[in-house]
Amino acid sequence: MADPNKEIYRPKIHTGSLLDDVDVKASRTLDDIGVEILPLHTGGTVHAKRTGGKFRTFKWLVASFWIILFVGPYLRWDGNQAILWDLANRQFNIFGLTILPQDIWMLAMILLFFALLLAASTAIVGRVWCGYFCFHTVWVDVFTWIEEKVEGRPAKRIKLDAEPMSLSKFKIKLPKHIAWILISFMTGFSFVAYFTDAFQLWERMFSLQLGSIELAVIGVLALLTYLTAGFMREQVCMGFCPYSRIQGAMTDTETVMPTYDRDRGEPRGRTKRPKPGEEAPVLGDCIDCRMCVDVCPTGVDIRLGQQFGCITCGLCIDACDEIMEKVKKPKGLIRYAAINEFAGKPLPPIWRRPRVIVYSSIMAIAAAAMIWGLTHMDPMDVTVLKNRSPLFVQMSDGTIQNKYEVKVVNKTNDLIRAQIEVFGHDDLFFIADRVADVAPGTVGSLSLLVRIPRSTVGTDSLPIYVVVTDLNNPDVVERYRSVFHAPK
């Protein structure tokens with residue numbers, strides 16, 4: 001329940017106002033300083049005004065990263081697709097490095113690292129992921145940019161949406177939807193291209209030979225992109241994404257987020273020329289232009305305090321700084337700040353905050369495990385499985401025989417010619433496929449028989465060593481310790 005004693009400042013709608021500042025002419029209006037007055041959001045589509053500034057520039061720079069996702073499937077490495085999730089062969093290829101199911105733990109470490117990075121960044125600077133890095137935010141930004149180029153500025157779009165459907169309205173909106181559908185299709189198609197050869201996928205599409213699963217995935221992803229980025233927009237962030245609901249558990253009074261300086265800005269309002277005999281009202285720096293609300297992609301009024309709809313994008317800061325510069329007042333009325341800063345409490349260094357220490361420690365462990373795994377990933381993996389039924393067989397010549405199955409995993413992109421050797425006893429001899437060809441990304445299985453004369457075994461359990469060498473690359477050698485069983 002809201003505190004009845006807490007004063008709440010609500011935005012007002014202005015159609016023009018006079019500013020009376022020592023550095024600004026008294027006859028200047030909001031229109032004179034470039035402020036476009038928009039209607040309050042009433043629950044419909046949020047048509048955010050686009051503004052320039054350092055945070056907007058940073059958003060575009062980060063958004064350009066997602067362009068790599070569209071070109072990623074077409075990159076080549078040694079004649080093959082550089083990034084490929086080959087589900088059919090159960091392997092992940094990335095720039096010549098093949099990760100098989102045996103190494104899937106490294107992918108788990110990558111997921112753990114980025115999950116903790118999200119938690120740590122939220123504890124430090126709030127929903128910075130949502131504001132700059134989230135693919136939904138980026139797609140909405142691109143879709144609304146196209147919408148503005150086709151239909152005009154927010155006020156014109158609001159008026160157009162309110163009009164009944166007609167042929168002229170249809171002609172205006174058609175180019176926008178064509179562009180949206182094209183981007184949505186490329187989003188779904190590019191996703192599928194990471195799981196199969198991208199160029200072959202195009203060939204199958206133009207020859208109408210796409211599989212039912214491929215068609216379904218492309219269609220579903222394209223439709224979701226079209227609906228969420230084109231129509232639902234901020235409702236995804238506020239109503240469907242669970243992150244907006246749990247961010248309160250990941251932030252505290254030391255988290256830096258876009259914050260309105262109430263002490264400096266209130267009481268907000270227009271400055272009017274006082275009548276003769278009247279004193280001019282004492283007002284804060286906020287001129288109640290609502291620019292911070294108009295540029296917000298989720299329609300949040302940051303002046304009412306922190307809300308779960310705020311995605312920490314900083315666009316309200318850009319808008320407010322622009323207005324403050326025009327009315328000759330200091331910037332920073334809205335700025336990235338922590339609650340403790342306004343309470344007069346100094347912020348401790350990041351490395352002294354307990355939750356950041358915990359998150360960073362787990363991230364460091366995950367990163368160390370990833371680095372160790374990548375640097376110690378052998379091009380060939382060998383596993384020796386002993387036949388336990390029976391453990392051993394006594395041959396007619398008095399020797400004891402053990403049977404093994406040698407599994408050779410080829411983690412390279414080249415053919416491996418595996419040669420088997422066995423060591424561990426002076427009288428040991430073995431029977432095996434001395435050379436076996438193992439194709440790239442596959443597992444080769446070889447049968448191995450090891451015999452030792454019963455009179456010289458000396459024990460019922462003897463360690464032996466199976467050594468596999470790649471004849472195509474003699475530097476690739478794997479050694480596996482196994483056990484030879486004999487009668488007591």
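Reckoned from all heavy atoms, side chains included, excluding hydrogens, waters and symmetry mates.
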K.L.:
Under the salt bridge (charged side-chain N to carboxylate O under 4.0 Å, His left out) criterion, do R303 and E266 qualify, and how do the steps go?
P.N.:
CA-CA 10 Å; R303 298 171 299 178; E266 302 296 334; over 6 Å; no

K.L.:
Aromatic contact between Y465 and Y480, with the criterion being ring centroids under 6.0 Å apart: yes or no?
P.N.:
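Not under 6.0 Å, so no.
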
K.L.:
Salt-bridge test for E322 and K326: reply yes if a basic N is under 4.0 Å from a carboxylate O, no otherwise.
P.N.:
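Yes, this pair counts.
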
K.L.:
Please check if the number of heavy atoms outside W105 that lie under 6.0 Å from its CH2 is greater than 12.
P.N.:
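Atom CH2 in W105 is crowded, with more than 12 foreign heavy atoms closer than 6.0 Å.
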
K.L.:
Tell me the closest heavy-atom pair linking L448 and A432, and the distance in Å.
P.N.:
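The pair with the smallest heavy-atom distance is CD1-CB, 3.5 Å.
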
K.L.:
Is the shortest heavy-atom distance from the side chain of F113 to the side chain of M370 under 4.5 Å?
P.N.:
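A side-chain contact under 4.5 Å exists here.
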
K.L.:
Are L428 and I464 packed together at the side-chain level, in the sense that at least one heavy-atom pair is separated by less than 4.5 angstrom?
P.N.:
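With C-beta onward as the side chain, the pair touches.
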
K.L.:
For K149, what residues pass the salt bridge (Lys or Arg N to Asp or Glu O under 4.0 Å) criterion, not counting sequence neighbours?
P.N.:
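Here no residue qualifies.
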
K.L.:
In Å, rounded to the nearest 0.5 Å, how long is the span from CG of L415 to CG of L471?
P.N.:
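Reported value, rounded in 0.5 Å steps: 10.5 Å.
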
K.L.:
Got a sec, which residues hit side chain to side chain donor-acceptor pair (under 3.5 Å) with D197, two or more places apart in sequence or on another chain?
P.N.:
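D197 satisfies side chain to side chain donor-acceptor pair (under 3.5 Å) with R76 only.
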
K.L.:
Might you work through the side chain to side chain contact (heavy atoms under 4.5 Å, CB included) test for L201 and L210, ending with a clear yes or no?
P.N.:
CA-CA 7 Å; L201 186 64; L210 284 179; 3.4 Å; yes

K.L.:
Less than 4.0 Å between a side-chain N and a carboxylate O, is that true for K54 and D318?
P.N.:
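Here D318 does not pair with K54 in a salt bridge, since their nearest N and O are not under 4.0 Å apart.
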
K.L.:
Mind listing the side-chain donor-acceptor pairs of residues 380-389 below 3.5 Å, one per line with the distance, residues two or more places apart or on another chain?
P.N.:
| from | atom 1 | to | atom 2 | distance (Å) |
| --- | --- | --- | --- | --- |
| K386 | NZ | L391 | O | 2.6 |
| K386 | NZ | N402 | OD1 | 3.4 |
| N387 | OD1 | S389 | N | 3.0 |

K.L.:
For the pair N410 (side chain) and V443 (backbone), establish whether a donor and an acceptor sit closer than 3.5 Å, ignoring hydrogens and angles.
P.N.:
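Looks like no, no N/O pair under 3.5 Å.
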
K.L.:
Closer than 3.5 angstrom, by distance alone: can the side chain of T298 be matched with the main-chain N or O of G309 as a donor-acceptor pair?
P.N.:
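A pair under 3.5 Å: yes.
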
K.L.:
Please enumerate all residues that pass ring pair (Phe, Tyr, Trp, His ring centres under 6.0 Å) together with F95, with sequence neighbours excluded.
P.N.:
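Partners of F95 by the ring pair (Phe, Tyr, Trp, His ring centres under 6.0 Å) criterion, ordered by chain and then number, come out as W77.
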
K.L.:
According to ring pair (Phe, Tyr, Trp, His ring centres under 6.0 Å), who are the partners of W180, at least two apart in sequence or on a separate chain?
P.N.:
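Only F143, H177, F231 meet the ring pair (Phe, Tyr, Trp, His ring centres under 6.0 Å) criterion with W180.
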
K.L.:
More than 12 heavy atoms of other residues, nucleotides or ligands under 6.0 Å from CD1 of I350: is that the case?
P.N.:
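Open: at most 12 neighbouring heavy atoms sit under 6.0 Å from CD1 of I350.
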
K.L.:
Using side chain to side chain donor-acceptor pair (under 3.5 Å) as the criterion, list what pairs up with N340, not counting sequence neighbours.
P.N.:
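N340 satisfies side chain to side chain donor-acceptor pair (under 3.5 Å) with T253 only.
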
K.L.:
Please find out if less than 6.0 Å separates the ring center of F189 from that of W202.
P.N.:
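Judged by ring-centre distance (under 6.0 Å), F189 and W202 do meet the cut-off.
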
K.L.:
Which residues satisfy the ring pair (Phe, Tyr, Trp, His ring centres under 6.0 Å) test with F199, sequence neighbours excluded?
P.N.:
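By the ring pair (Phe, Tyr, Trp, His ring centres under 6.0 Å) rule, F199 matches Y74.
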
K.L.:
Go through it in stages, so that I can follow the logic: the residues are L84 and N80, the test is side chain to side chain contact (heavy atoms under 4.5 Å, CB included), and I'd like the CA-CA distance, side-chain angles, deciding distance and then a yes or no.
P.N.:
CA-CA 9 Å; L84 177 64; N80 299 313; over 6 Å; no

K.L.:
Do I83 and Y194 have side chains that approach each other closer than 4.5 Å (heavy atoms only, starting at C-beta)?
P.N.:
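Yes, at least one pair of side-chain atoms sits under 4.5 Å.
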
K.L.:
Is it the case that over 12 heavy atoms from other parts of the model lie below 6.0 angstrom from the CD1 atom of I213?
P.N.:
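Check fails, neighbour count at 12 or below.
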
K.L.:
Measure from the side-chain N and O atoms of R355 to the backbone N and O of M250, and report whether any donor-acceptor pair falls under 3.5 Å.
P.N.:
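Checked: pair present.
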
K.L.:
Just so I know, are the side chains of D261 and F342 near enough to count as touching, which here means a heavy-atom distance under 4.5 Å?
P.N.:
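They are in side-chain contact.
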
K.L.:
Locate the shortest heavy-atom distance separating V295 from L315; write the atom from each residue and the value.
P.N.:
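Of all heavy-atom pairs spanning V295 and L315, the closest is CG2-O, 3.6 Å.
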
K.L.:
What closest approach, in Å, do V46 and C296 show between heavy atoms, and which atom pair accounts for it?
P.N.:
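Taking every non-hydrogen atom into account, CG1-O, 3.7 Å.
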
K.L.:
Would E405 and S445 count as having a side-chain donor-acceptor pair, cut-off 3.5 Å?
P.N.:
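Short answer, yes.
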
K.L.:
Would you compute the distance between atom CG of L69 and atom OG of S190 and round it to the nearest 0.5 angstrom?
P.N.:
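Rounded to the nearest 0.5 Å, the CG-OG separation comes to 8.0 Å.
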
K.L.:
Taking all atoms of both residues into account, what is the closest heavy-atom pair of E421 and F430, and its distance?
P.N.:
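Result for this residue pair: CA-CZ, 3.8 Å.
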
K.L.:
Are more than 12 heavy atoms from other residues, nucleotides or ligands located less than 6.0 Å from atom CD of E325?
P.N.:
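Counting neighbours around CD of E325, 12 or fewer heavy atoms of other residues, nucleotides or ligands fall under 6.0 Å, so no.
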
K.L.:
To the nearest 0.5 Å, how far apart are CD1 in I334 and CD1 in I302?
P.N.:
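Separation between the atoms: 7.0 Å.
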
K.L.:
Can you list every side chain to side chain donor-acceptor pair (under 3.5 Å) pair that touches residues 108-118, not counting sequence neighbours?
P.N.:
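Listed by first then second residue: nothing to list.
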
K.L.:
Would you please name every residue forming a side chain to side chain donor-acceptor pair (under 3.5 Å) with D437, sequence neighbours left out?
P.N.:
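Partners of D437 by the side chain to side chain donor-acceptor pair (under 3.5 Å) criterion, ordered by chain and then number, come out as R417.
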
K.L.:
Any pair with a residue in residues 135-147 that passes salt bridge (Lys or Arg N to Asp or Glu O under 4.0 Å), sequence neighbours left out, goes on the list, sorted by first then second residue, please.
P.N.:
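Found R50-D141, R56-D141, E147-R157, E147-K176, E147-R233.
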
K.L.:
Heavy atoms only: give me the nearest I323-C289 pair and the separation to one decimal.
P.N.:
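Smallest interatomic distance, heavy atoms only, reads CG1-SG, 4.0 Å.
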
K.L.:
Do Q81 side-chain atoms and I94 backbone N/O form a donor-acceptor pair below 3.5 Å?
P.N.:
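No: the side chain of Q81 does not pair with the backbone of I94.
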
K.L.:
Is a salt bridge present between R335 and D321, judged by a nitrogen-to-oxygen distance below 4.0 Å?
P.N.:
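Result for this pair is no, no salt bridge flagged.
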
K.L.:
Between the main-chain N or O of K49 and the side-chain N or O of D294, is there a donor-acceptor pair closer than 3.5 Å?
P.N.:
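No, the answer is negative, given that no donor and acceptor are paired below the 3.5 Å cut-off.
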
K.L.:
Please tell me if the side chains of V125 and T255 come closer than 4.5 Å, counting only heavy atoms from C-beta onward.
P.N.:
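No, their side chains stay 4.5 Å or more apart.
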
K.L.:
Please identify each residue that fulfils side chain to side chain donor-acceptor pair (under 3.5 Å) with T259, with sequence neighbours left out.
P.N.:
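Checked T259 against side chain to side chain donor-acceptor pair (under 3.5 Å); zero matches.
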
K.L.:
Is D301 salt-bridged to R290, cutoff N-O under 4.0 Å?
P.N.:
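Answer for the salt bridge query: no.
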
K.L.:
Is there a side chain to side chain donor-acceptor pair (under 3.5 Å) between W129 and T312? Walk through the geometry before answering.
P.N.:
CA-CA 8 Å; W129 160 261; T312 320; over 6 Å; no

K.L.:
Donor-acceptor pairs under 3.5 Å, side chain of residues 359-366 to any protein atom, not counting sequence neighbours: which ones?
P.N.:
| from | atom 1 | to | atom 2 | distance (Å) |
| --- | --- | --- | --- | --- |
| S360 | OG | V356 | O | 2.7 |
| S361 | OG | I357 | O | 2.7 |

K.L.:
Check whether the ring centres of Y336 and F55 lie less than 6.0 Å apart, and answer yes or no.
P.N.:
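Yes, they do, as the ring centres are separated by less than 6.0 Å.
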
K.L.:
Do C320 and K331 make a side-chain contact, defined as non-hydrogen atoms from C-beta onward lying under 4.5 Å apart?
P.N.:
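No, every pair of side-chain atoms sits at 4.5 Å or beyond.
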
K.L.:
Does E254 reach the side chain of I124, with side-chain heavy atoms less than 4.5 Å apart?
P.N.:
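SC-SC contact between E254 and I124 ruled out.
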
K.L.:
Quick one: closest heavy-atom pair of A418 and V468, and the distance?
P.N.:
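That would be CB-CG1, 3.8 Å.
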
K.L.:
So do the side chains of T122 and V128 get within less than 4.5 Å of each other, counting heavy atoms only?
P.N.:
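No - every pair of side-chain heavy atoms lies 4.5 Å or more apart.
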
K.L.:
State the CD1-CG distance between I181 and L223, to the nearest 0.5 angstrom.
P.N.:
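Answer rounded to 0.5 Å: 10.0 Å.
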
K.L.:
Counting distance only, does the side-chain N/O of W66 pair as donor-acceptor with the main-chain N or O of F133 below 3.5 Å?
P.N.:
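Checking the backbone N and O of F133 against the side chain of W66, a donor-acceptor pair under 3.5 Å is found.
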
K.L.:
Strictly by modelled atom types, are W139 and S184 linked by a side-chain donor-acceptor pair under 3.5 Å?
P.N.:
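Per modelled atom types, W139 and S184 side chains form no pair under 3.5 Å.
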
K.L.:
Using the side chain to side chain contact (heavy atoms under 4.5 Å, CB included) rule, take V62 and K59 through it: C-alpha gap first, then chi angles, then the decisive distance, then the call.
P.N.:
CA-CA 5 Å; V62 172; K59 278 177 68 71; 6.0 Å; no

